[in-house]
Undergrad: 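Quick one: the structure is below, questions incoming.
Each chain gets a letter, A, B and so on, in the order its sequence line appears, and its residues count up from 1. Side-chain atoms are counted along with the backbone in the values below, which use heavy atoms only and exclude waters and symmetry mates.
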Amino acid sequence: MKATDKENDFHQRILARDDPIAFAAFAELFYDSLLQDVRRRAGSGADPVLVEEAVGGALLDYHDSPERYDPKRASLQSYLSMAAYRDFQNALAKERRVTGRQVSLFDPAFQEQDIVESQETIDSQLQEERLWQLIDQVFPDPTERRVVMLILNKTRSPEPYAHALGLCDLPYDERIREVRRVKYRITKRLRRGIAQQLDRIGGTMQ
Amino acid sequence: MNRSSSSLERLAQLAQGRPHLLAGALMLYKEQEGLDDEQLAALLRCEPSALTRLALCERPRPAPHFREDVERIAAYIHADLMQLAMLIRAAESREALGKRPGETSPDYGEFEEVHTDGEEPSDG
């Protein structure tokens, strides 16, 4: 199915780069239905955070390179939905690879040490208060912030994480697996948040 | 864990790494001024919910399009034109201060005209 008239209109405005609100208006109109599309394709058990990140990434990639989309070949909604679903599958596969190969929370694949070192770097470049403002922005959820605190305090034992996440009632293997999954994802978001912050202030990540 | 606070806020957060959108500059300004969303919205005289849409707008083009672009954004988010123009200028100046030598900032000559002639241009 080709692009609808409305999609075509947005696409031309975004391509032209002369309308500062075109992308925002497009995202405002299409984001929720894209999210629903990808959730439906990903299945009810799909992690909503991964789905949102995939949809957001697909939209922003389209914003950066709208010329890659051909309105004669598919509707814009289908094009973005497929791109987002592909990103979701890639992210899921990557996460499974990481969690699958970990047999211990001490496995360096978590790269938490990098995060702790980055915190030390960022401490010297940012006020501590700003670091915590950044953390508050990236992690509005208080449970996630508790996990961030544990990571930054170099806590290695899984139990405090399981406690913070309310997972203590789960069987041991499942508890460990869930802790790894959450830590991996939070570490990834923290890393991205710090990298963006350093980028804005002209610093580099270790 | 609260995972339902999705909507455009998550997209605006992801957009902070995209240099052509306003999200990154706005975040830096908020951080440096110590403002929360309500305070920033009050400064711009718009609804706090409009800040997400603002973050997803393109950065205004340099003169001679700056004024036209800021007018368009202000109308879209129902914000005060002059306050928005000054905020964008301040946010991008702060970013420019953090840039390495050789990197350039947008030309805001047209904004200077807007800023100094004392009259608010009409919306539209």
Undergrad: Under 4.5 Å from any heavy atom of chain B, what part of A/Leu59 do you find: side chain, backbone, both or neither?
TA: side chain
Undergrad: Do you know the tightest heavy-atom contact between A/Phe23 and B/Leu56?
TA: CD2-O, 3.6 Å
Undergrad: What closest approach, in Å, do B/Leu14 and A/Gly56 show between heavy atoms, and which atom pair accounts for it?
TA: CD1-CA, 3.8 Å
Undergrad: Name the region of A/Arg189, side chain, backbone, both or neither, that has any atom closer than 4.5 Å to a heavy atom of chain B.
TA: side chain
Undergrad: Of all the heavy-atom pairs spanning A/Ile21 and B/Cys57, show the shortest one and how long it is.
TA: CG2-SG, 4.1 Å
Undergrad: Would you mind writing out the side-chain donor-acceptor pairs for residues 33-40 of chain B within the sub-3.5 Å range, not counting sequence neighbours?
TA:
from, atom 1, to, atom 2, distance (Å)
B/Glu33, OE2, B/Arg94, NH1, 3.2
B/Glu33, OE2, B/Arg94, NH2, 2.4
B/Asp36, OD1, B/Glu38, N, 3.2
B/Asp36, OD1, B/Gln39, N, 2.8
B/Asp37, OD1, B/Lys30, NZ, 2.4
B/Gln39, OE1, B/Asp36, N, 2.9

Undergrad: Looking only at heavy atoms, what is the nearest atom pair of B/Leu8 and A/Glu28, with distance?
TA: CD1-CA, 3.8 Å
Undergrad: Which residue out of B/Arg59, B/Glu58, B/Arg53 racks up the most heavy-atom pairs below 4.5 Å with chain A?
TA: B/Glu58
Undergrad: Is B/Arg18 paired with A/Asp61 through a side-chain N to carboxylate O contact shorter than 4.0 Å?
TA: yes
Undergrad: A side-chain contact here means heavy atoms from C-beta on lying under 4.5 Å apart; do A/Leu60 and B/Leu11 qualify?
TA: yes
Undergrad: At their closest point, which heavy atom of A/Arg17 faces which heavy atom of B/Arg61, and how far apart are they?
TA: O-CD, 3.8 Å
Undergrad: Let me know if A/Asp19 has heavy atoms under 4.5 Å from chain B in its side chain, its backbone, both or neither.
TA: both
Undergrad: As an exercise, state the distance from CZ of B/Arg72 to CG of A/Asp18, rounded to the nearest 0.5 Å.
TA: 9.5 Å
Undergrad: Only heavy atoms, only distances under 4.5 angstrom. Which residues in residues 76-84 of chain A are near chain B?
TA: none
Undergrad: For A/Gln137, is there any backbone N or O sitting under 3.5 Å from a side-chain donor or acceptor partner on B/Gln13?
TA: yes
Undergrad: Side chain, backbone, both or neither: which part of A/Ala25 has a heavy atom under 4.5 Å from chain B?
TA: both
